[in-house]
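Working notes, structure below.
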Amino acid sequence: MTESPIASHFIRTRIDEDCAQQTYGDKVVTRFPPEPNGFLHFGHAKSIFLNFGLARDYLAQCPQSICNLRFDDTNPTKEETEYVDAIREDVSWLGFDATGHEFYASDYFEQLYRCAELLIQADLAYVDSQDADAMRATRGTLTEPGRNSPFRNRSITENLVLFRQMRAGDFPDGTHILRAKIDMAAPNMNLRDPAIYRIRHAHHHRSGDAWCIYPMYDFAHCVSDAIEGITHSLCTLEFMDHRPLYDWFLDQLATLDVFQRPLPQQIEFSRLNLTYVVLSKRKLIQLVTGQHVHGWDDPRLPTLKGARRRGFTPEGFRLFTDRIGVSKSDSLIDYSVLEDCMRDHLNDTAERRVAVLDPVKLVLTNYPEGQSEECYAPNHPHHADWGKRVMPLARELWIERDDFMPEPVKGFFRLVPGGEVRLRYGYIIKCTGFDQDAEGRVTCVYAEYDPDTKSGTPGSESRKVKGNIHWLSCDQALAAEIRLYDRLFSVPAPGARREGDAPDLDRDFLDDLNPNAMQIHTGMIEPSLATAAPESRFQFERHGYFVADQVDHTAERPVYNRTVTLRDSWGKK
RNA sequence: UGGGCCGUCGCCAAGUUGGUUAAGGCACUGGAUUUUGAUUCCAGCAUACCAAGGUUCGAAUCCUUGCGGCCCAGCCA
């Protein structure tokens with residue numbers, strides 16, 4: 001696999017500067033902060049490799065470096081424990097162990113609360129008793145300033161009492177809210193007295209019913225970072241406008257001696273955009289709940305769970321994140337880049353096997369009935385030490401339907417009537433005829449083999465044929481379910497308007513679903529593929545990379561998923 | 001139309017305290033090897049940095065003015 005060198009990017013540059021100036025001493029502390037309200041997707045893989053990768057890379061230079069896994073669970077109505085477990089699994093699948101540095105924002109509720117009281121006491125926060133509609137109405141617009149709330153000038157004492165009553169559960173949801181007192185006329189909307197705490201009488205997956213007020217993201221995130229001693233808090237571009245608020249909270253709290261400087265700094269990078277998929281939580285949920293796919297781990301889904309079942313590898317993702325880099329420009333990565341990365345890794349690591357996906361019978365008419373002999377197939381063309389396996393050859397074989405054309409098109413150099421081709425690892429054969437059914441579908445192909453051309457025997461090299469096809473003897477082959485996966489959507493930008501669309505046309509991304517994203521075949525496989533463990537990955541020669549299905553594959557009923565095809569300069573449709 | 005950010009080869013992306021010939025990867029093209037139309041190997045691939053002006057001996061890098069794209073008006077994160 002081509003190992004790309006560690007690429008320089010603006011975040012590394014910043015960290016290098018901080019290290020050079022000893023801003024944070026001997027540490028680079030990052031964090032991966034998922035909200036446990038959904039499954040991780042390809043976009044998270046970028047963030048995971050960035051955050052965990054950075055901490056790991058700087059370990060030699062800054063021995064205290066680490067990356068925390070922090071569950072950002074400040075919204076009790078959306079989060080669940082099942083997601084926590086799934087996320088932890090995904091992170092570890094990608095190769096990062098967060099044992100000992102796994103945290104929860106909800107563990108900081110008490111500290112967060114104390115910080116809020118301190119802000120109130122410093123006259124930097126107040127309890128607003130407007131309802132949500134009134135708040136929205138007075139927030140102003142992008143071009144007009146907002147108006148101060150009539151409750152903005154409550155006394156510190158009154159604010160404190162009210163806030164404590166909020167915590168005590170004296171008020172129903174939505175009646176009061178704690179707001180930062182900043183500037184209702186700020187051009188940055190986030191600074192127009194943002195909400196800090198809302199009342200939510202809801203059961204929290206970890207804190208249970210201990211709380212009925214919960215902190216908002218802007219407040220909880222920066223404080224959590226400071227508590228954990230994060231040095232570089234990396235997030236995506238849409239949070240850029242929140243940075244002044246992030247700095248404001250921390251600055252005030254540092255002034256109030258809650259935190260020591262230097263404070264963590266937020267740095268934004270552009271999120272992953274990939275063609276032919278959707279990466280928004282909302283759309284992913286729609287696909288699952290709308291039954292367009294079979295659950296969160298459906299191999300068609302761009303979730304990490306789906307990727308795993310699909311046969312994608314952590315190393316492939318690692319390669320991918322290295323290749324696409326990190327920057328602040330909105331980019332759109334072609335899906336083929338991801339596929340290429342998986343091929344790249346799998347090419348090196350997957351043993352070769354033979355499978356006939358769409359079998360048609362081939363009879364070697366001059367091969368004695370009841371006889372069979374051994375042929376040898378290497379497990380990997382570039383790793384002789386991986387050994388070889390025996391493939392019995394006999395009179396009746398299965399070959400790929402696509403490898404025979406009764407009426408060949410130009411450029412086709414596989415089996416054709418009267419033509420010659422090599423049975424891979426076996427003999428050169430010459431097609432002598434074929435049977436068709438009433439619909440013209442080929443039902444059987446006949447050929448004669450040349451006994452002097454067996455692979456590996458002296459003289460077998462003397463005759464060259466261009467075509468080379470794979471096969472399986474009918475006696476040996478086992479039937480298997482082969483799930484051929486393809487891209488989930490049939491257009492690069494699902495749901496996006498396309499050239500020529502009527503001005504009033506609204507497209508639905510679900511209409512762009514690729515109906516052929518999964519096709520189930522019954523194919524023939526080598527016996528060793530049946531006994532392989534779930535999640536074993538192989539290259540099916542001349543087809544692509546396949547993985548034994550994580551949940552459905554058994555020796556009795558083998559199931560293989562196609563991860564990605566081989567590159568194909570001929571059959572590209 | 002307020003604020004923030006971005007615009008370097010088909011796709012990514014270095015370089016942006018101005019200094020000879022604009023890194024690298026992917027894709028692509030050509031050639032070699034090859035019992036996977038795979039892999040591998042070798043070679044090629046931006047007089048050009050959104051545009052137009054300007055400053056300068058010298059600019060992708062500085063200035064000006066435009067153009068294009070993304071984000072923000074949740075008691076979501």
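Order of the sequence lines sets the chain letters (A, B, ...), proteins ahead of strands, with each chain counted from 1. Below, each value reflects all heavy atoms present in this structure, side chains not excepted, and no hydrogens, waters or symmetry copies.
- Per the geometry, CD belonging to A:E268 stands 13 Å off C1' belonging to B:C6, to the nearest Å.
- Put simply, the side chain of A:K328 never gets that close to the backbone of A:E268: no donor and acceptor are under 3.5 Å apart.
- A:Y197 comes within 4.0 angstrom of no nucleic acid atom, judged by non-hydrogen atoms across all strands.
- Put simply, A:R200 has a side-chain N or O that comes within less than 4.0 Å of OP1 or OP2 on B:C76.
- Note: A:F320 and A:F42 fail the aromatic proximity criterion, with ring centroids not under 6.0 Å apart.
- Among the nucleotides B:C75, B:U39, B:C12, the one closest to any side-chain atom of A:N347 is B:U39.
- In this structure, A:N188 atom CG and B:G2 atom P are separated by 15 Å, rounded to whole Å.
- A:Y214 and A:T74 get closest at one heavy-atom pair: CB-O, 3.4 Å.
- Taking 3.5 Å as the limit, the base of B:G3 and the side chain of A:D241 contain a donor-acceptor pair of atoms between them.
- A:M135 comes within contact range of at least one nucleobase, with a heavy-atom separation under 4.0 Å.
- Nearest-nucleotide assignment on RNA chain B puts the 5′-proximal partner with A:N190, out of A:K281 and A:N190.
- Comparing the C1' positions of B:C62 and B:C76 gives a spacing of 43 Å, expressed to the nearest Å.
- OP1 and OP2 of B:C12 both lie 4.0 Å or more from every side-chain N or O belonging to A:S331.
- Looking at the side chain of A:R136, the nearest of the listed nucleotides B:G4, B:C6, B:G74 is B:G74.
- Residue A:Y214 is classed as having no contact, given no heavy-atom separation below 4.0 Å to the nucleic acid.
- Residue A:V326 is classed as a sugar-phosphate contact, given heavy-atom separations below 4.0 Å to backbone atoms only.
- Among the protein residues, A:N468 comes within range of the nucleic acid bases, having at least one heavy atom under 4.0 Å from a base atom.
- Atom P of B:U39 sits at a distance of 23 Å from the matching atom of B:C11, rounded to the whole Å.
- Distances from the side chain of A:D568 to the nucleotides B:C12, B:C76, B:G37 place B:G37 closest.
- Within 4.0 Å (heavy atoms only), A:R192 reaches no atom of the nucleic acid at all.
- Under 3.5 Å, the side chains of A:D18 and A:Q265 contain a donor-acceptor pair of N or O atoms.
- Between A:S329 and B:A13, a side-chain N or O to OP1/OP2 separation shorter than 4.0 Å is present.
- Checked against a 6.0 Å centroid threshold, the rings of A:F239 and A:Y246 do not count as neighbours.
- For B:A77, the OP1/OP2 oxygens have a side-chain nitrogen or oxygen of A:T74 closer than 4.0 Å.
- One atom, CG of A:L237, and another, C1' of B:C70, lie 8 Å apart when rounded to the nearest Å.
- Residue side chain A:W570 meets the stacking definition with respect to B:G37: its ring centre sits within less than 5.5 angstrom of the base's six-membered ring centre, and the planes differ by less than 30 degrees.
- Distance from the side chain of A:T13 is smallest for B:G15 among the nucleotides B:G15, B:C12, B:G37.
- Comparing B:U36, B:C71, B:G4 by their nearest atom to the side chain of A:E541 picks out B:U36.
- Looking at heavy-atom distances under 4.0 Å, A:G38 makes no contact with the nucleic acid at all.
- Separation of the P atoms belonging to B:G24 and B:C9 is 15 Å when rounded to the nearest angstrom.
- Within the 4.0 angstrom heavy-atom criterion, base atoms lie near A:R414.
- Within 3.5 Å, no donor on the side chain of A:R567 pairs with an acceptor on the base of B:G37, nor the reverse.
- Across the P atoms, B:A27 and B:C42 are found 15 Å apart, a figure rounded to whole Å.
- With the nearest nucleotide of RNA chain B identified for both A:E144 and A:S327, A:E144 has the one nearer the 5' end.
- For B:G18, the base is anti relative to its sugar; the glycosidic angle deviates from 0 by more than 90°.
- Separating the CZ atom of A:R318 from the P atom of B:G25 is a distance of 17 Å, rounded to the nearest angstrom.
- When heavy atoms are screened at a 4.0 angstrom cut-off, A:I199 is found touching no nucleic acid atom at all.
- For the pair A:T303 and A:W296, the tightest heavy-atom approach, listed with the atom from each and the gap, is OG1-O, 2.7 Å.
- One C1' atom belongs to B:C26, the other to B:A13, and the distance between them is 11 Å to the nearest Å.
- Counting any heavy atom pair closer than 4.0 Å across all strands shown, A:H543 reaches no nucleic acid atom.
- The aromatic rings of A:F39 and A:Y83 lie perpendicular to each other, with more than 60° between the two planes, well past the 30° mark.
- Taking the C1' atom of each, B:U21 and B:G58 are spaced 15 Å apart, rounded to whole Å.
- With a cut-off of 3.5 Å on both pairing distances, the Watson-Crick and G-U wobble pairs of RNA chain B assemble into stems of 3 or more at B:2-7 with B:67-72, B:10-12 with B:24-26, B:28-32 with B:40-44, B:50-54 with B:62-66.
- Atom NZ of A:K430 has 12 or fewer heavy atoms from other residues, nucleotides or ligands within 6.0 Å.
- Among the protein residues, A:F71 comes within range of no part of the nucleic acid, since none of its heavy atoms lies under 4.0 Å from any strand.
- A straight line from CZ of A:R343 to P of B:A38 spans 12 Å, rounded to a whole angstrom.
- Between the side chains of A:R353 and A:S528, at least one donor N or O lies within less than 3.5 Å of an accepting N or O.
- With B:C76, B:A77, B:C12 as the candidates, the nucleotide lying closest to the side chain of A:K78 is B:C76.
- B:A77 and B:A73 are spaced 13 Å apart, taking the P atom of each and rounding to whole Å.
- Nearest nucleotide to the A:S8 side chain, out of B:C76, B:G2, B:G15: B:G15.
- When heavy atoms are screened at a 4.0 angstrom cut-off, A:Q130 is found touching base atoms of the nucleic acid.
- At least one side-chain nitrogen or oxygen of A:R542 sits closer than 4.0 Å to the OP1 or OP2 atom of B:G37.
- Look at NE2 on A:H345: it is 17 Å from P on B:C26, rounded to the nearest Å.
- Between A:F171 and A:H201, the shortest heavy-atom distance links the atoms O-NE2, 2.7 Å.
- Both tests do not hold together for A:R487 against A:Y335: distance to the six-membered ring centre under 6.0 Å, angle to the ring axis within 45°.
- Between the P atoms of B:G30 and B:C45, the separation comes to 15 Å (whole Å).
- Nucleotide B:C70 holds its C1' atom 4 Å from the CG atom of A:D330, rounded to whole Å.
- Taking the ring centre of A:F103 as origin, the terminal cationic atom of A:R31 falls outside the region bounded by 6.0 Å and 45° from the ring axis.
- For A:T141, counting side-chain heavy atoms from C-beta on, the closest listed nucleotide (B:A73, B:G2, B:U39) is B:A73.
- For A:R198, taking side-chain heavy atoms from C-beta onward, the closest of the listed nucleotides B:C70, B:C75, B:G2 is B:C75.
- Counting any heavy atom pair closer than 4.0 Å across all strands shown, A:R139 reaches sugar-phosphate atoms only and no base atom.
- A:G411 comes within 4.0 angstrom of a nucleotide base, judged by non-hydrogen atoms across all strands.
- Distance, A:R323 CZ to B:C12 P: 15 Å, rounded to whole Å.
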